[in-house]
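Below is one structure, written out as structure tokens; the observations come after it.
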Amino acid sequence: SIPLNKELIFIGVSFGGILAQEISKIIPVKKIILISTIKSAAEKPKYFSWVQMFPVYKIIPTILIKYLAIFISKFFTNKNNEERQLFKSMLMQANSRVIRYGIHEVLHWKQQHPIANCIHIHGSADHIFPIKKIKTDYVIDSGSHFMIIHQRKEINALINQLLGKII
């Protein structure tokens with residue numbers, strides 16, 4: 001339940017950032033802070049179109065998608081053992097239908113223009129959504145897609161600073 005009588009600020013990470021933008025089209029918000037995500041279809045990486053053309057994610061069992069994501073994540077983000085275990089735990093507990101839904105929705109997201117009231121924080125080393133196609137407001141040096149964990153102190157400080165200006 002989202003309160004409708006307050007000035008809302010959404011913070012969305014990765015797919016949550018896309019969801020925050022979509023919800024803001026229904027429920028007015030004061031501001032959206034996006035982290036490690038995209039603001040329009042133009043910011044999607046090229047490999048998304050390949051996955052869209054060959055949608056094997058629709059036919060392979062979700063458990064294989066989860067294990068594949070765990071394996072591939074080694075190449076996309078540097079994680080220490082504790083972070084790997086956290087990622088694995090989160091992924092294994094995730095609802096299978098939500099995973100398939102999320103993959104499909106990100107691949108087919110057609111937002112043409114960024115929403116005006118967004119502040120975008122992105123990592124310079126994000127391999128899921130490479131920064132070369134992204135117009136961002138704040139760049140986290142060496143930030144990967146998992147920077148919300150790796151550089152949490154830096155990101156928390158930035159969010160607190162931004163909230164101080166917004167509120």
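Nothing fancy with the numbering, it's 1 onward along the sequence. Quick caveat, the model's predicted, so the values are computed rather than measured.
Distance check, rounded to the nearest 0.5 Å: CD1 of Ile65 to CD1 of Ile60 gives 4.5 Å. Note: Asn117 CG to Ser24 OG = 6.0 Å, rounded to the nearest 0.5 Å.
Residues Lys66 and Gln93 bring no donor and acceptor atom of their side chains to less than 3.5 Å of each other.
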Next item on the list: Take Phe48 and His108, measure what side-chain contact (heavy atoms from CB on, under 4.5 Å) needs, and give me the verdict at the end.
Entry: CA-CA 9 Å; Phe48 275 40; His108 294 88; over 6 Å; no
Checklist line | Phe129 and His145: CA distance, side-chain angles, deciding distance, ring-ring contact (aromatic ring centres under 6.0 Å, His included) verdict | finding: CA-CA 8 Å; Phe129 298 121; His145 198 68; 5.5 Å; yes
Next item on the list: Begin with the C-alpha distance, continue with both residues' side-chain angles, and end with the deciding distance and a verdict on side-chain contact (heavy atoms from CB on, under 4.5 Å) for Ser144 and His127.
Entry: CA-CA 7 Å; Ser144 71; His127 297 295; 5.9 Å; no
Item checked: Criterion side-chain contact (heavy atoms from CB on, under 4.5 Å) on Ile35 and Ile159, from CA distance to verdict -> CA-CA 10 Å; Ile35 304 169; Ile159 290 171; 3.7 Å; yes
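Within the 3.5 Å criterion, the main-chain N or O of Thr37 finds no donor-acceptor partner in the side chain of Ser14.
Aromatic ring pairs are classed by plane angle as parallel below 30°, tilted from 30° to 60° and perpendicular above 60°; the pair Phe87 and Phe146 is perpendicular. The aromatic rings of Tyr101 and Phe15 stand perpendicular to each other, their planes meeting at an angle above 60°, with 30° marking the opposite boundary.
Gln161 meets the side-chain hydrogen bond (donor to acceptor under 3.5 Å, both in side chains) test with no other residue; sequence neighbours excluded. Applying the side-chain hydrogen bond (donor to acceptor under 3.5 Å, both in side chains) test to Thr136 and every residue at least two apart in sequence or in another chain returns nothing.
Judged as a salt bridge (charged side-chain N to carboxylate O under 4.0 Å, His left out), the pairs with a partner in residues 41-64 (not counting sequence neighbours) are, in order, Lys39-Glu43.
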